[in-house]
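Accompanying notes for the structure given below.
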2 protein chains.
Amino acid sequence: MLKDKAIKPTESELEILSVLWDLKKASVRMVHEKLSEHKDSGYTTTLKLMQIMHEKKLVTRDDSSKTHIYEPAVSKENTQNQFLHRMIDNLFSGSSTELVLQALGHQNTTQEELLKIEALIKTLKSKQ
Amino acid sequence: MLKDKAIKPTESELEILSVLWDLKKASVRMVHEKLSEHKDSGYTTTLKLMQIMHEKKLVTRDDSSKTHIYEPAVSKENTQNQFLHRMIDNLFSGSSTELVLQALGHQNTTQEELLKIEALIKTLKSKQ
DNA sequence: AGCATAATACGATTTTATTCGTACGCAATT
DNA sequence: AATTGCGTACGAATAAAATCGTATTATGCT
């Protein structure tokens, strides 16, 4: 299995990535609009952040026309795993099970979702 | 249920808290020693951080003798939940199930642990 | 008492992240 | 061709986190 590259987006960068994962590709304005729903920082702030992310290769961009179009350069899954790992190491004594138990215990999870998880567990059990 | 207070330890503070959760109580030196296994920053850095954490009430301390003894003032569980929440919101579209599936899918989990999780799921299902 | 050791206090610096103002360019409209 | 609107570039200010050096104090030993 390929080792994930250690990418470390900051909080703000994560917010932007989330939007991009959702929209697949977007201009700064589109991203900024979306962010403005929760957050209130200026347009140039979002712009600057996205420029920095471009330098860091967290996103790619097409600047062939005036309005640049950005795309995520790191996958949602990889990034999720990165953070999961870090969290498990820092906070859950290295045990992913501890994290799962905690997450299930404290968030409320619908019947349907519990079934989905059960199904996955069944698969995992048979694989061993 | 009581709402958890919104505590936001930084990365470094988390590392220190982890040690304290483990040891229950400890002097700066003990904490620093432990941290030094993974990290290399000076003693006074750890000291300063712990002093700041004291101001922020992340830890309590007994300074009745020369060597101050620190204890965590926030519980591991609360802190875990805080971070879980933030992570679920930021990265998992608000779905704790998505996080659980990801965690189970990519970390490897022993048979025994799978059983533990199954058991919890059974409990949760019956509670609804 | 004098000295060495180990601790705290705390200001200052450095580093990283976030935010914004302003300059400037391009293209459509008047 | 002037004006306006929308875009990027980029330096600079601000804020937050981490690091460290130096001063000072307490304690135990000779």
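Quick note on labels: first sequence line is chain A, next is B, and so on, each numbered from 1.
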So for Lys48(B) and dC10(C), does any side-chain atom that can act as donor or acceptor lie under 3.5 Å from a complementary atom in the base? no

Which residue lies more 5' along DNA chain C, comparing Leu49(A) with Leu47(B) via nearest heavy atoms: Leu47(B)

For a quick test of reading the model: is some side-chain N or O of Tyr43(A) closer than 4.0 Å to OP1 or OP2 of dT8(D)? yes

Whole-Å gap separating P (dA7(C)) and CG (Asp62(B)): 16 Å

Base, sugar-phosphate alone, or nothing: which one does Thr44(B) contact when heavy atoms must sit under 4.0 Å apart? base

Answer yes or no: is there an ion pair linking Lys56(A) with Glu13(A), defined by an N-O contact shorter than 4.0 Å? yes

Whole-Å distance, Arg61(A) CZ to dT8(D) P, equals 8 Å

Side-chain heavy atoms of Met87(A) within contact of Leu99(A), under 4.5 Å: yes

Quick one: is dA9(D) close enough that its OP1 or OP2 comes under 4.0 Å of any side-chain N or O from Gln51(A)? yes

For dT19(C), take OP1 and OP2 only and decide whether either is under 4.0 Å from a side-chain N or O of Lys39(A). yes

OP1 or OP2 of dG7(D) versus the side-chain N and O atoms of Arg29(A): is any pair under 4.0 Å? yes

When the distance from NE2 of His32(A) to P of dT19(C) is rounded to whole Å, what number comes out? 11 Å

Measuring to OP1 and OP2 of dA18(D), would you say a side-chain N or O of Ser12(B) lies under 4.0 angstrom away? yes

Tell me which nucleotide among dT27(D), dA9(C), dG7(D) gets nearest to the side chain of Lys66(B). dT27(D)

Which part of the nucleic acid, if any, lies within contact of Thr10(A), taking any heavy atom under 4.0 Å across all strands shown: a base, the sugar-phosphate backbone alone, or nothing? sugar-phosphate

Check this one for me: any side-chain N or O of Thr45(B) less than 4.0 Å away from OP1 or OP2 of dC20(D)? yes

Whole angstrom is fine here: how far is it from NZ in Lys8(A) over to P in dA17(D)? 12 Å

Could you tell me if the side chain of Glu113(B) sits less than 4.5 Å from the side chain of Ser95(A), heavy atoms only? yes

pair Val28(B)-Tyr70(B): side-chain heavy atoms closer than 4.5 Å: yes

